[in-house]
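Input: a single structure, listed below in structure tokens.
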2 protein chains.
Amino acid sequence: MPAVQTPTLRDVADAAGVHPATASRALNPATRGLVNAETARRVMKVAEGLGYRPNPMARGLKTAKSGTVGLVIPDLTNPLFPPIVRGIEDVLEPAGYSGLIVNTDNDPQREHAQIELLRSRQVEGLIVATALLDHPLMAKLQREGVPMVMVNRRPDGVDIPSITPDDAAGIEMAVDHLADLGHRRIGHLSGPATTSTGVARRRAFRNAVRDRDLDVDPALVVTCEHWTEEAGAIALRHLLDVRPDVTAIVAGNDLIALGCYDVFAERGIDCPREMSVVGFNDMPFLDKLAPPLTTLAIPHQQIGAEAARMLLDAIAEPDRAARSVLLPLSLVVRGSTAPPVT
Amino acid sequence: MPAVQTPTLRDVADAAGVHPATASRALNPATRGLVNAETARRVMKVAEGLGYRPNPMARGLKTAKSGTVGLVIPDLTNPLFPPIVRGIEDVLEPAGYSGLIVNTDNDPQREHAQIELLRSRQVEGLIVATALLDHPLMAKLQREGVPMVMVNRRPDGVDIPSITPDDAAGIEMAVDHLADLGHRRIGHLSGPATTSTGVARRRAFRNAVRDRDLDVDPALVVTCEHWTEEAGAIALRHLLDVRPDVTAIVAGNDLIALGCYDVFAERGIDCPREMSVVGFNDMPFLDKLAPPLTTLAIPHQQIGAEAARMLLDAIAEPDRAARSVLLPLSLVVRGSTAPPVT
DNA sequence: GGTCAGGCTGCACTCGATTGCAGTGAGCGG
DNA sequence: CCGCTCACTGCAATCGAGTGCAGCCTGACC
């Protein structure tokens with residue numbers, strides 16, 4: 001408990017010799033026009049002098065607005081999310097909002113509980129970065145009119161605005177790059193079939209190899225159980241067993257690509273001489289790997305910022321149509337890709 | 001705005017046929033003894049049935065408790081912090097608290113503003129991970145009775161509880177490891193002199209080399225301007241200019257060590273054959289570097305969890321004496337350290 | 001049967017800010 | 001000189017929950 005009681009609106013009013021109601025109006029830019037300009041100035045000066053800060057709870061109680069939004073992410077520890085969160089906060093803060101972060105660990109049970117927790121904290125909207133493909137909870141929240149924006153993953157069917165990287169374009173860039181280097185037998189280690197990104201990237205890969213007349217053997221596409229190094233390693237081992245002649249890999253994301261590195265070490269495969277790899281996400285410090293990983297850079301901070309802006313819009317005008325945005329990404333060519341040995 | 005108005009205490013009371021006051025008492029475990037057990041049960045059942053959630057704002061308004069604590073960190077994007085935050089949240093959540101994260105970017109101005117923002121949001125306490133050595137603001141908050149815990153950095157002079165890794169012990173482990181390998185001329189690229197960690201680690205390094213009768217030339221210790229790769233690279237270039245005979249480096253943290261890798265590449269130095277490096281922090285994916293970085297692993301999540309526990313204690317009993325905790329860390333030996341060429 | 005104690009419950013006010021409505025006074029036109 | 005308008009300000013209720021106090025009712029005891 002602070003030694004000095006923080007001043008209340010009543011204190012300001014008393015000190016300025018006006019009624020609390022007048023002080024309230026003077027301090028709120030929206031209602032300031034209702035009070036005499038001179039009075040308003042005086043009140044504001046007094047408030048400044050006393051270091052007055054409106055109590056957000058009292059205000060929220062009356063206005064039914066909390067000035068907070070919920071950020072639902074699988075796990076903050078995943079290096080993917082901090083930049084997104086940062087981008088979100090950077091937009092939220094100047095708007096007078098704060099973000100409440102919860103981690104779901106991709107557990108639907110936990111996700112449900114966490115979202116309940118956020119709602120009980122009266123968040124005004126949700127930015128959701130978890131996204132299993134099938135998502136009845138999202139649909140329900142949507143129906144209840146909770147403003148929502150999804151980032152990074154795109155829900156199927158449900159009409160929720162989302163900000164996602166343009167996965168298809170990214171995969172095309174990766175395939176183009178490898179094809180240009182001369183690769184013909186390119187494998188894809190796709191993300192879990194339960195995630196929208198996993199599915200979207202796999203589809204994009206299939207289209208890309210078809211369009212470029214490369215090897216379209218379905219065996220070249222292996223689905224990982226999870227977005228992890230371990231799952232990536234397992235998938236690659238499987239792929240190598242079936243198609244040992246593959247010369248390049250498009251990994252579903254960077255972690256899966258890292259799993260490939262483990263298999264390379266394990267089997268004595270020389271990357272990039274014998275095998276090229278492209279990752280997806282451009283996690284930090286990939287340039288320090290051996291070899292530095294070629295990958296697709298996603299503008300994470302921009303994604304977060306854009307999502308926050310959209311959510312604020314949705315909160316302000318709940319009835320506006322849902323709009324979704326695809327953000328362009330860029331291929332960062334490093335040392336893990338090279339022409340195939342001929 | 002949810003289509004279905006969330007039920008209020010009054011709704012529960014009406015549905016249960018009691019006065020709101022009674023309902024309030026029945027729902028609050030602390031006052032439940034005041035109401036008839038049967039009535040209490042009925043009220044609770046009705047509340048459950050309606051899906052009643054107390055409005056935290058109304059409650060907070062009355063009780064002057066927000067159920068939130070502020071997390072002040074320099075930059076969430078720094079891989080050091082997400083695990084700490086995660087550890088904090090994991091403790092806070094079951095206790096019914098939530099964390100409000102702000103990023104200061106190590107800018108005192110911004111830090112001040114952000115802390116003001118947190119206070120205006122009525123946080124009940126602060127977990128502070130920024131820490132320039134000289135910190136009048138902390139002292140002021142301390143005097144005002146704001147419950148506070150510092151993580152990772154330790155304030156000088158001010159009597160604030162803190163949770164920090166045992167930097168001195170860590171540095172000793174690093175120096176021991178290098179000395180055991182046979183190194184005699186070990187350099188230290190220390191963190192900024194304005195940070196408590198920078199200073200503590202440098203002091204520990206000086207003591208360690210002295211105690212082990214290694215080369216104590218002050219020129220072997222170079223201070224970096226920032227905790228960054230660039231600053232690390234600059235410092236190493238400087239060190240190599242002055243003492244080209246150095247065979248091992250203890251870096252102030254992993255980023256500084258990464259800066260060393262850049263210089264190695266630039267000057268064609270073979271690590272670890274010609275030069276060993278030890279980092280500090282064990283950031284993610286260091287094992288994927290070339291060579292994998294030997295470093296000191298800090299139990300970040302534990303630090304966060306411990307800090308959160310301490311803060312909750314401090315909130316519950318504001319008058320308890322400040323207590324500080326040093327957490328042990330462990331040396332992770334990887335490929336960046338080897339015996340010197342003789 | 002009367003009295004008193006004690007267990008429950010309800011009343012009413014409070015937290016701090018917002019806001020519809022009423023009232024005051026000045027200024028102006030008729 | 002009267003009345004009306006308009007700008008401004010004050011009053012009081014409100015948001016939802018918590019809590020001191022008073023009162024009721026029941027049961028026990030004399």
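Naming: A, B, ... by sequence-line order, numbering from 1 per chain.
- Map A/Y52 and B/G33 each onto its nearest nucleotide of DNA chain C; the residue landing nearer the 5' end is B/G33.
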Quiz prompt | Verdict with supporting geometry, B/T6 and B/R53, side chain to side chain donor-acceptor pair (under 3.5 Å) | solution = CA-CA 8 Å; B/T6 110; B/R53 297 265 174 196; over 6 Å; no
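- You won't find any donor-acceptor pair under 3.5 Å spanning the side chain of B/R53 and the base of D/dG16, going by distance alone.
- Computed from coordinates, the A/L34 CG to C/dT18 P distance equals 13 Å when rounded to whole Å.
- A/T8 comes within contact range of the sugar-phosphate backbone alone, with a heavy-atom separation under 4.0 Å but no base atom that close.
- When the P atom of D/dC15 is taken as reference, atom CD of A/Q122 falls 15 Å away, rounded to whole Å.
- Atom C1' of nucleotide D/dC8 and atom CZ of A/R25 are separated by 9 Å, given to the nearest angstrom.
- Between B/K62 atom NZ and D/dA17 atom P there is a gap of 14 Å when expressed in whole angstrom units.
- Considering only side-chain atoms of B/A21, the nucleotide from D/dT9, C/dT18, D/dT19 that sits closest is D/dT19.
- The distance between atom CG of A/L27 and atom P of C/dT18, rounded to the nearest whole Å, is 8 Å.
- Between the CG atom of B/N28 and the P atom of D/dG18 there is a distance of 6 Å, rounded to whole Å.
- An OP1 or OP2 oxygen of C/dT18 is reached within less than 4.0 angstrom by a side-chain nitrogen or oxygen of A/S24.
- Checking the phosphate oxygens (OP1, OP2) of D/dG16, no side-chain nitrogen or oxygen of B/R10 falls inside 4.0 Å.
- Between B/E306 and B/R309, at least one side-chain nitrogen of the basic residue sits less than 4.0 Å from a carboxylate oxygen of the acidic one, meeting the salt-bridge criterion.
- Going from atom CG of A/N55 over to atom C1' of C/dT18 covers 13 Å, rounded to whole Å.
- Proximity of a side-chain donor or acceptor of B/E124 to a complementary backbone N or O of B/S66 within less than 3.5 Å is detected.
- Mapped onto DNA chain C by nearest heavy atom, A/R59 and B/H19 fall at different nucleotides, with B/H19 at the one closer to the 5' end.
- Between B/T63 and D/dG18 there is no side-chain N or O to OP1 or OP2 distance below 4.0 Å.
- Checked by atom type, the side-chain pair A/T68/A/S98 shows no donor-acceptor distance below 3.5 Å.
- Distance, B/K65 NZ to D/dA17 C1': 16 Å, rounded to whole Å.
- Between A/T39 and D/dT9 there is a side-chain polar atom (N or O) within less than 4.0 angstrom of OP1 or OP2.
- A donor-acceptor pair is defined here as one N or O able to donate and one able to accept, closer than 3.5 Å; such a pair exists between the side chain of B/D11 and the backbone of B/T8.
- If B/T31 and B/L61 are placed on DNA chain D by their nearest nucleotide, the residue sitting closer to the 5' end is B/L61.
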